[in-house]
Each structure stands twice: as C-alpha cells, then as structure tokens.
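Whatever order the structure lists them in is the order used to number ligands and atoms, beginning at 1. Just so it is clear, the values below take in all heavy atoms, side chains as well, and ignore hydrogens, waters and symmetry mates. The model shown is predicted, which means the values in this text are computed figures rather than measured ones.
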Amino acid sequence: MNDQSLLRAKAVTKSYGGAVASGVKNITLDITPGKITAIIGQSGSGKSTLLRLLYGLLTPDEGLISFKGERIWGPEEKLIPGHDAMKMVTQHTDDLNLFARVWDNVAAMLPSTNVKLKEEKTEQVLRQLNMMHLALKRVADLSGGEKQRVAIARAIITRPGVLLLDEPFNQVDTSFREGLQHDIRQIVRETGLTVVMVSHDPAEVLSMADELVVLKDGEIVETGHPKTLYHTPGNLYTAELLTNCNILNANDAKVCGIQTDKAIVVIYPEWIRIANVLKTSQWTVIEVLFKGQYEDLILENSGVILRTVNNEPDKYTVGDIIGLKIKRWLEYSPLQSSLKGEA
Ligand code: ADP
Ligand code: MG
C-alpha cells in the first residue's frame, strides 16, 4: 500500500444482509488531498454507506480503508467511533448545544490551554463562514441553515485531515446554499482542507466538486472531473444524474434528424437551437414552464416530446410551431445502464 495516499478504500464491500442487495460492493477509491470529491448517485445507491465506511462508522466485510497508510478502525474496535483526524457533518445537528451561544458552541471544540489562540481561531472560522453576526445568538434561535453553518464551523475549527459532508445543505434555503457552498470552496482553496461530500443535487456537485464518484447499486460506475462527466458521461445513468436531459429511442431520434444504430439517444436541453421551420422540422409548443430568467419549452413532433431552454421568455406560446436544430447528442447502448425510476 502506498503511504502517500491520504484516504483510500481498497476493494471494500459492506452488505447489510437481507434478501435485496444493499450497502456497497468492491469499492476502490483514492481521495485527492486538498480537493472536494463528491459522491453522487440515486437514493439507495450506497453514498452514505461509503461515507460512513471512510470515516470508520462501519466496518467493511471485505477490503480495507486506510488513512495515511494506516487501517481505519471500525466501531467494534474503537471506543469512540469515527477517525480522530476526520470530521463528519450530516443533516442532523444533534450535537449542538442549543442553549449556548454560537461562539461558545464553536470555541468549545478547542482546548482551553491557550485562551487567546482559542479566541483568534474561533473568530477566524466564524469569519470564514460569514457568521460573525450570529456569534452571540443562541443556537436554539437560529434557522436550520444557520445551525448547519455552526455544525460546519465546529468541524472545520479542529482542522481535520478530511471533512466528510453527508448532504448537509438540504436544510439550507437555496439562496443561502450558494453562499455556503462558495465559503466551503474558499476554505478548501485557502487551507488545503480535503472534503468528501455526498449530494444528489446536480447544481451543487457541478459547482463545488473537483472530482466526482458516481455510485450505482453500491458500485462505482465512473469517476472524473465534473465538466468531463457532464459533457461526456460514460453512462446514461451519469447523464441522468447530472442533467435534465431528453432520452429518446433510436426511432424517436429519427424525428430529430438523428440516425443511429445505438438504442438510446440523449439530448441536453441546451443542445437544441430554435431554428427556421422546415418541412422536416416542425415542432409544436405544448407547454411553457416559467423559470424566472428563462423558460423551459416542451415541444412535440410526431409523438416525440423534447424539452429545451428558451432564453427569451414570452417569445413563444402554447400552439406555436417552431423549427429545431440539434447541435449535439450522445448515443448509448442498453448495456450502459440507466436510472431505475426516479432518483
Ligand atoms: P444512499 O445514501 O445513497 O441513499 P445508503 O448508503 O443509505 O444509500 O444505502 C444503500 C443501500 O443499503 C440501500 O439499499 C439501503 O436500503 C441499504 N441500507 C442502508 N443502511 C442500512 C441498514 N442500516 N440496514 C439495512 N440496510 C441498509
Ligand atoms: Mg444517504
């Protein structure tokens, strides 16, 4: 085993037993230090299981998890579960002291041997997470999103080797989410913190992560940079996780002017241009979905439905006939499997 690696899983399998397959299978993964790795996958694909294995909250049935070359002890082998050099933040913020102030909740993570240093560090972390204005508030009086920030501040202040985040932004309002995501990115850039996060929000992983790990039915189906996986997903499953794409069979693709011998054609909404109406391209606007700055147009031609984006709201109404030009598409065979139902 290479001692240079920070956090590594080697052929790790964990099954919860029972009739249906569960847990994770044969996971080999090397977490890049100083970067944000995001684990994505539909609900039940094993994301939380993998994170808990990496932290030492679960013991693998097979394989090995190591931190800086040393095996991570499972909960049966260790009095306080979880690796000392790592911190995990989940949606549950149960370990906060609701009746203490934010400042004290965060400062309490440091020893009192050096009071001045403790104060400096507490202030630094509260500033990094833009929460100085909350410092004197009781945690009980905070919103769900603010409590999440306190939990993250408590984790970061101890300077963990790895910060593990299991969908921690779910409670946070969309408008505050971006701020928190940005602050965490900034901390990673400034301090070299290593983050492993679990998310099922495409916007979140695409904007935050340096690397993606795609899990399906407990197995890694592909890994790569967000941009690469977005533009050229190796699997239909990945495309479906990251985009709101159009999925057509080969017959329906013909209606879009695409000839292929593959079974499945994927067209991202932004790859469709509204163009002149031709005999060969006549689409009816069947729905206009207002999205604020833009609209989603739902279009129909010969029974085929396509979704596209329109950046000039109010230009089209239901019943209009428009032409389309498909700039790009992806082709998959059925083996490059897809999501089973809704994520
Ligand atoms: P995710 O976080 O991607 O939603 P999980 O890791 O929580 O997925 O779960 C993966 C699979 O393992 C699911 O099929 C789930 O039902 C099963 N599972 C998770 N935890 C347990 C448990 N404690 N006991 C039995 N099955 C479990
Ligand atoms: Mg989960």
Cation-pi geometry met for Lys262 and Tyr332 (6.0 Å, 45°): no
Output field: ring centroids Phe176/Phe169 closer than 6.0 Å: no
For [atom], which protein heavy atom lies nearest, and how many Å away is it?
| atom | value |
| --- | --- |
| atom 12 (O) of ligand 1 | Gly23 N, 3.1 Å |
| atom 27 (C) of ligand 1 | Tyr16 CD1, 3.1 Å |
| atom 14 (O) of ligand 1 | Gly44 O, 3.8 Å |
| atom 8 (O) of ligand 1 | Gly46 N, 3.2 Å |
| atom 7 (O) of ligand 1 | Ser48 CB, 3.8 Å |

Arg149 with Asp183: basic N within carboxylate O range, under 4.0 Å: yes
Salt bridge Lys25-Asp217, side-chain N to carboxylate O under 4.0 Å: no
Nearest protein heavy atom under 4.0 Å from atom 25 (C) of ligand 1, yes or no: yes
For Ser43, atoms of ligand 1 separated by under 4.0 Å from a heavy atom: 4 (O)
Donor-acceptor side-chain pairing of Glu167 and His200 below 3.5 angstrom: yes
Arg159 atom CZ, over 12 foreign heavy atoms within 6.0 Å: no
From the candidates Asp217, Leu50, Thr49, the one that places a heavy atom nearest atom 9 (O) of ligand 1: Thr49
Gly41, Ser45, Ser22: member with heavy atom nearest to atom 17 (C) of ligand 1: Ser22
N, O or S atom of Ser48 closer to the Mg ion (ligand 2) than 2.8 Å: yes
Closest approach of Trp73 to Lys78 (non-hydrogen atoms, all atoms of both residues): CB-CD, 4.1 Å
